[in-house]
S.K.: 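Encoded as structure tokens, here's the structure I'll be asking about.
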Amino acid sequence: MTSITLSGVNKSFGANFPVIRDVDLEIADGEFCVFLGPSGCGKSTLLRMVAGLEMAYSGQIRIGDRVVDKVEPADRQVAMVFQNYALYPHMSVYENMAFGLRQAKTPKDEIDRRVKEAARILQIEPLLDRMPKALSGGQRQRVAIGRAIVRQPKVFLFDEPLSNLDAALRVHMRSEIATLHRNFPAASMIYVTHDQTEAMALADKIVLLHAGKDMLKHGSIAQVGKPLDLYHRPRNLFVAGFLGSPTMNFIAATFIGQETAGAHVALKGGEELLVPVDGSKLAAGAPVTLGVRPEHLAPVPGPAGQTLTRKVSAVEHFGEYSFVYLDGGTPAPLIAKVPGDGGVKAGDTASYQAPADCCHLFDADGIALTQI
């Protein structure tokens with residue numbers, strides 16, 4: 001079994017500097033789990049605790065059926081791929097990949113078999129005699145991954161492995177890591193990133209982490225779930241605002257009353273919308289926040305039900321789509337992500353439909369109201 005269980009895990013650097021708080025998490029056999037969150041939220045620290053490179057202040061970590069809190073990193077059957085590759089500059093690619101096996105006194109023919117098989121999987125067979133300085137960034141990352149593969153671990157740990165690569169190479173290597181997961185379905189994988197695109201593309205499960213005051217108040221974990229669950233059903237304003245690019249639009253509103261089809265709200269801006277959520281526990285006049293993603297705002301000919309009408313402050317063109325910035329009703333402009341050139345220019349007044357089933361409503365504490 002390669003499941004990973006964290007129970008009541010806390011970590012502090014000194015008495016007044018907590019970085020991980022109240023983490024309870026189950027990662028299933030063979031699951032690809034991504035730790036996602038802003039800088040300083042403790043993603044890498046949590047990963048290093050699984051690896052045994054950091055010790056938890058309290059709580060328990062299990063890999064399979066074994067409690068590993070006091071187990072040395074080398075004995076946890078995990079392999080870690082670092083952000084900076086961590087290759088030995090004086091060793092060839094072959095020697096870098098074989099080093100850990102030689103330290104473990106693995107038979108020479110078995111080392112040779114594993115190294116060549118990993119090189120075949122990663123398509124770096126022609127590079128085995130080269131030194132790291134002769135490799136590109138992508139090639140070095142493949143070698144670092146190959147060094148992990150040859151150990152045949154139960155768990156692969158990736159600490160922001162693509163952050164040093166350029167944009168095009170990141171996309172390519174992301175695809176290779178996804179292929180690696182398919183080639184080793186029995187191994188669990190934990191991947192740390194601050195890039196939500198990587199998280200959405202790779203993860204079976206995302207663990208989104210709080211930072212700062214939110215972590216101290218609510219604990220480290222903001223929400224755990226499948227990527228599309230977090231995207232479509234965010235638990236609170238933080239989750240809703242973190243996932244998505246551009247970020248979700250938030251509009252201050254007032255709760256008018258609960259109807260059969262949902263909560264009737266009046267927006268700061270004048271419009272009234274019906275959101276299919278359960279607002280029955282709210283009092284009339286209670287402050288709420290409406291959330292709608294830029295890609296869900298669709299151009300319409302004119303004002304109608306579920307429609308926002310605003311003056312256009314700016315338009316950014318990207319070819320296949322445009323960002324239309326809309327003034328009015330909020331401290332920050334609203335953004336509509338629309339196909340093509342958007343058909344509008346700065347100074348126009350434009351209307352965009354906010355489909356009811358794409359709207360979210362959050363109470364005064366920022367908690368999402370249950371959808372109906």
Side-chain angles (χ1 to χ4, degrees), residues 4-27 32-51 53-59 61 80 82-84 157-164 170 189-250 289 291 293 331-332 360 362-368:
I4 303 161
T5 305
L6 290 82
S7 304
V9 171
N10 291 271
K11 175 69 176 179
S12 296
F13 293 113
N16 299 315
F17 190 41
V19 291
I20 295 293
R21 184 178 176 192
D22 300 334
V23 169
D24 293 298
L25 179 64
E26 179 76 28
I27 300 171
F32 197 123
C33 179
V34 173
F35 293 169
L36 176 67
S39 297
C41 70
K43 304 181 296 292
S44 292
T45 299
L46 195 57
L47 185 80
R48 289 170 66 84
M49 284 194 284
V50 175
L53 302 177
E54 298 280 357
M55 302 307 295
Y57 175 76
S58 63
I61 299 174
M80 193 159 177
F82 295 91
Q83 177 180 350
N84 61 357
L157 305 175
F158 297 89
D159 190 6
E160 302 206 48
L162 308 185
S163 60
N164 289 335
R170 279 202 306 271
M189 297 189 179
I190 304 178
Y191 187 102
V192 164
T193 184
H194 62 272
D195 186 330
Q196 57 175 290
T197 302
E198 286 181 18
M200 295 292 288
L202 290 170
D204 298 320
K205 173 189 289 179
I206 290 177
V207 180
L208 181 56
L209 300 176
H210 282 132
K213 293 180 180 179
D214 286 333
M215 181 270 290
L216 294 175
K217 182 177 180 181
H218 303 292
S220 286
I221 294 181
Q223 188 168 343
V224 177
K226 295 179 180 179
L228 291 181
D229 286 343
L230 271 65
Y231 177 82
H232 289 298
R233 289 175 288 279
R235 181 182 295 171
N236 52 47
L237 280 170
F238 170 74
V239 178
F242 192 86
L243 289 176
S245 181
T247 186
M248 182 182 285
N249 295 302
F250 295 122
T289 301
R293 297 194 182 280
H360 305 265
F362 305 89
D363 66 17
D365 295 322
I367 305 302

S.K.: When rounded to the nearest 0.5 angstrom, what distance separates CD1 in I206 from CG in D229?
M.R.: 9.5 Å
S.K.: Taking the six-membered ring of F362, is NZ or CZ of R235 closer than 6.0 Å to its centre and within 45° of its axis?
M.R.: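 Judged by the rule (NZ or CZ under 6.0 Å from the ring centre, within 45° of its axis), R235 is not positioned above F362.
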S.K.: Closest heavy-atom contact between D159 and S44?
M.R.: OD1-OG, 2.7 Å
S.K.: Contact between I221 and L208 at the side-chain level, heavy atoms closer than 4.5 Å - yes or no?
M.R.: no
S.K.: Give, for atom NE2 of H360 and atom CZ of R233, the distance between the pair rounded to the nearest 0.5 Å.
M.R.: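 Nearest 0.5 Å value for the NE2-CZ distance: 9.5 Å.
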S.K.: Restricting to non-hydrogen atoms, name the atom on V239 and the atom on P234 that form the minimum distance, rounded to 0.1 Å.
M.R.: CG1-CB, 3.8 Å
S.K.: In Å and rounded to the nearest 0.5 Å, what is the CE to CG distance from M248 to L237?
M.R.: 9.0 Å
S.K.: Before giving the answer on side-chain contact (heavy atoms from CB on, under 4.5 Å), spell out for Q83 and N164 the whole-Å C-alpha distance, their side-chain angles and the decisive distance to 0.1 Å.
M.R.: CA-CA 7 Å; Q83 177 180 350; N164 289 335; 3.8 Å; yes
S.K.: Which distance, rounded to the nearest 0.5 Å, do you find between the CG of L47 and the SG of C33?
M.R.: 10.0 Å
S.K.: Indicate the atoms forming the closest heavy-atom contact of R293 with L230, along with that distance.
M.R.: NH2-O, 4.4 Å
S.K.: State, yes or no, whether a side-chain contact exists between L25 and F35 at a heavy-atom distance under 4.5 Å.
M.R.: yes
S.K.: Considering only heavy atoms from C-beta outward, does the side chain of I27 approach that of M189 to under 4.5 Å?
M.R.: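 With C-beta onward as the side chain, the pair stays apart.
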S.K.: Check whether more than 12 heavy atoms from other residues, nucleotides or ligands sit under 6.0 Å from atom NE2 of H232, and answer yes or no.
M.R.: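 Yes, the 6.0 Å shell around NE2 holds more than 12 heavy atoms from other groups.
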S.K.: Locate the shortest heavy-atom distance separating S163 from E160; write the atom from each residue and the value.
M.R.: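 Minimum heavy-atom contact is OG-O, 3.2 Å.
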S.K.: Can you confirm whether more than 12 heavy atoms, excluding those of Y231, are under 6.0 Å from its OH atom?
M.R.: yes
S.K.: If you define the side chain from C-beta out and look only at heavy atoms, does anything of Y191 sit under 4.5 Å from P161?
M.R.: yes
S.K.: Parallel, tilted or perpendicular: which one describes the rings of H210 and F238, with boundaries at 30° and 60°?
M.R.: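 Ring orientation of H210 relative to F238: tilted.
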S.K.: In the structure I gave you, are the side-chain heavy atoms of F13 and V19 within less than 4.5 Å of one another anywhere?
M.R.: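 F13 vs V19: side chains touch.
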S.K.: By salt bridge (Lys or Arg N to Asp or Glu O under 4.0 Å), which residues pair with D195, not counting sequence neighbours?
M.R.: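 Not a single residue meets the salt bridge (Lys or Arg N to Asp or Glu O under 4.0 Å) criterion with D195.
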S.K.: With side chains defined as the heavy atoms from C-beta onward, is the minimum distance between V224 and K205 less than 4.5 Å?
M.R.: yes
S.K.: With no hydrogens and no angle check, is any side-chain donor or acceptor of Q196 less than 3.5 Å from a backbone partner on G37?
M.R.: no
S.K.: So which atom in V9 and which in M49 form the shortest heavy-atom distance, rounded to 0.1 Å?
M.R.: CG1-CE, 3.8 Å
S.K.: Roughly how far, to the nearest 0.5 Å, is NZ of K11 from CZ of F17?
M.R.: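 One gets 11.5 Å once the value is rounded to the nearest 0.5 Å.
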S.K.: Regarding S58 and N10, do their side chains bring together a donor and an acceptor under 3.5 Å, going by distance alone?
M.R.: yes
S.K.: Are a donor atom and an acceptor atom from the side chains of E198 and T193 found within less than 3.5 Å of each other?
M.R.: yes
S.K.: Are V34 and M200 close enough, and set up right, to give a side-chain contact (heavy atoms from CB on, under 4.5 Å), and what steps lead you there?
M.R.: CA-CA 9 Å; V34 173; M200 295 292 288; over 6 Å; no
S.K.: Any heavy-atom pair between the side chains of L209 and L36 that's under 4.5 Å?
M.R.: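 L36 does not reach L209 side chain to side chain.
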S.K.: Quick one: pull up CZ in F242 and NE2 in H194 and give me the separation to the nearest 0.5 Å.
M.R.: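 The NE2 atom of H194 is 8.5 Å from CZ of F242, to the nearest 0.5 Å.
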S.K.: So, for E26 and T5, which heavy atoms are closest and what is the spacing to 0.1 Å?
M.R.: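 Scanning both residues completely, I find the closest heavy atoms to be OE1-OG1, 2.7 Å.
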S.K.: Side chains of V192 and L157, heavy atoms from C-beta outward: is any pair under 4.5 Å?
M.R.: no
